[in-house]
Amino acid sequence: MTEQELKRLRTEFPILSTRVGREHLAYFDNAATTQKPRVVIDALTNYYRKHNANVHRAAHYLAAEATQAYEAARRRVADWLNVEAREIVWTRGTTEAINLVAQTFLAPKLCAGDRILLLVSNHHANILPWQQIAKTKGAQLDVVGLTETGDLDLHQYTEQLKQRPKMVALTHVSNALGTIYPIAELVTQAKEAGAYVLVDGAQAVAHFDVDVKAMNADFYTFSGHKTFGPTGIGVLFGRYELLEAMPPWQTGGEMIEHVSFAEAVYAAPPLRFEAGTPNISGAIALDAALQYLQQRDRTALEAHEQRLIRRAEAALQELPGLHLLPAGSQRVALLSCTFEQFQVADVAAYLDSRGVAVRAGHHCAQPLLQALNIDASLRISFAFYNTEQEVDSLVSAVKELLLQPYRSSQDDLETLVTQVYEAADWPSRFSSLMRLAAGLPPVATDLRAPEWEVFGCATRTWMRIERDTSGKIHLQTDAQSRLMQGLLYLIAHQVNGKQVEQINVEQVEDRLIELGFASQLSQTRGNAIRHLLSHLRSLIAG
Ligand SMILES: Cc1ncc(COP(=O)(O)O)c(C=O)c1O
């Protein structure tokens with residue numbers, strides 16, 4: 001893709017060319033959700049402007065039009081995946097689709113002692129529905145791990161298949177590492193072992209075309225919003241003979257042939273699984289998203305994404321104290337990393353202050369992170385509309401953060417606090433906070449004890465309040481995140497040495513808000529501060 005072509009393509013995504021509160025936005029959180037092209041937004045509004053009616057039931061022109069568009073969307077998804085339209089069930093997303101299969105397809109077949117085989121890198125959405133039914137039925141979950149390079153441990157997979165699992169629930173592409181698993185080979189082996197196979201394609205279809213028929217999976221699923229379509233719509237493909245043998249998922253309107261008080265005859269799939277008024281506009285807008293993708297050279301788009309990730313990787317791996325997580329031999333444009341000196345949430349907050357949006361956390365893949373011995377990673381996920389300049393902004397912001405001399409400050413604590421209050425803008429305030437955190441004296445070793453932990457915060461946090469003999473407050477705080485350490489010290493700094501009656505927690509909060517923390521910190525961090533302040537209120541009251 002030439003620079004000119006990319007420029008034009010970016011204009012097709014309104015959010016990329018409109019100011020979004022800040023002047024620049026480099027959006028690298030595409031694995032969480034993708035941005036939407038104008039055609040998708042237009043399809044949504046056009047539907048409500050021109051075609052809105054309920055589908056399948058009303059006998060009038062508008063309803064016929066809506067039904068036609070809704071069913072045409074189903075046919076497009078089917079063509080796109082190379083399956084039949086009657087095998088496409090609309091869901092709210094991947095999560096609902098997997099729950100549907102677990103509860104409606106597998107649960108009735110599952111017996112005590114049966115096994116379900118999962119990948120360690122499955123998203124929680126592809127773990128918990130199986131875990132839940134396994135618990136109620138006395139079945140067992142088995143897990144296939146990764147090799148050191150991040151590839152799936154194929155030897156272990158083969159061994160686990162010898163246990164003859166009833167269901168194998170695979171992930172096409174890992175949402176935390178970006179690894180593309182050799183899905184055709186995995187499905188073939190699982191089927192040879194006599195298992196049913198579900199493939200979670202949530203992170204695959206946004207990057208490359210998928211031929212579900214050739215893959216031969218029993219179920220395949222993805223979410224509209226991760227594929228440039230709207231939220232609230234997703235797709236479950238199920239092999240028709242399996243769908244046909246399944247009981248309904250939810251019951252209600254739209255999914256019946258005939259109802260009396262004594263009994264009901266349910267419609268054939270896929271309508272059997274679509275009780276109630278469906279997400280009509282969502283399906284139609286997803287159709288627009290797929291049409292958008294079909295009109296483009298996806299190989300060229302993918303090649304562009306791969307160039308971006310190589311550029312980012314080459315620059316990031318040079319940085320001291322930054323560790324890239326292994327992502328196997330084949331991967332989509334997504335990378336995850338950790339830092340020796342920084343909590344990933346702090347890095348994400350800093351990048352955000354620089355107009356770079358990334359994700360920090362466990363990415364709903366906690367068992368994977370446990371296996372990798374980490375609790376969080378920073379995830380940078382690309383889409384074809386990202387640019388080399390955006391990659392460079394990302395890299396230089398990370399560099400800026402890592403290479404700042406946080407530890408060399410000679411200033412005393414009072415000066416460091418003043419620097420936070422007097423910083424001219426959020427990025428410099430962020431840096432002064434990090435310097436303040438680095439300059440704090442060591443906290444009491446017994447502070448990180450369960451009785452002092454404050455739950456409900458994004459990072460682990462501890463708070464202890466004591467009164468000396470003259471009744472003065474002494475608040476000690478600690479946190480895993482350096483940014484939070486600095487912020488908590490600002491709170492302690494405002495209350496320590498005062499009598500309880502002299503403390504006004506609202507004023508403490510207002511002071512923090514004035515500094516811009518409420519607007520600059522992510523919602524979870526903002527909530528954490530509010531939570532800590534209410535904890536402080538109760539400590540003071542107690
Ligand atoms: C691999 C994978 N599976 C499932 C999901 C859940 O998708 P949704 O929240 O759209 O249902 C996600 C979302 O992050 C994902 O990345």
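Whatever order the structure lists ligands and atoms in, that order sets their numbers, starting from 1. Residue indices begin at 1 and follow the sequence shown. Just so it is clear, the model here is predicted, and its values are computed rather than measured.
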What are the atoms of ligand 1, with element, lying closer than 4.0 Å to any heavy atom of Q203? 1 (C), 15 (C), 16 (O)
Which atoms from ligand 1 have a heavy atom of N175 less than 4.0 Å away? 1 (C), 16 (O)
protein heavy-atom neighbour closest to atom 15 (C) of ligand 1 works out as H123 CD2, 3.3 Å
Taking the six-membered ring of F13 as reference, does the cationic atom of R10 (NZ for Lys, CZ for Arg) lie under 6.0 Å from its centre and within 45° of its axis? no
CA sep, side-chain torsions, deciding dist, call: F219, F237, ring pair (Phe, Tyr, Trp, His ring centres under 6.0 Å): CA-CA 5 Å; F219 299 98; F237 153 82; 7.5 Å; no
Heavy atoms of other groups near Q68 CD, more than 12 under 6.0 Å: no
L100 side chain reached by M246 side chain, heavy atoms, under 4.5 Å: yes
Can the ring centres of Y70 and H51 be said to be less than 6.0 Å apart? no
Taking heavy atoms and a distance under 4.0 Å, where does E96 meet ligand 1: side chain, backbone, both or neither? neither
Considering T95, D200, T94 one by one, which has a heavy atom nearer to atom 9 (O) of ligand 1 than any of the others? T95
Atom 14 (O) of ligand 1: which protein heavy atom is closest, and how many Å away? K226 NZ, 2.6 Å
Which of the ligand 1 atoms, numbered from 1, are nearer than 4.0 Å to a heavy atom of S223: 7 (O), 8 (P), 10 (O), 11 (O)
Taking the ring centre of each residue, are Y157 and Y181 less than 6.0 Å apart? no
Heavy atoms only, cut-off 4.0 Å: how does H225 contact ligand 1, side chain, backbone, both, or neither? side chain
Tell me whether H124 reaches ligand 1 (any heavy atom closer than 4.0 angstrom to a ligand atom). no
Nearest 0.5 Å, please: how far is OG1 in T227 from CZ in F222? 5.5 Å
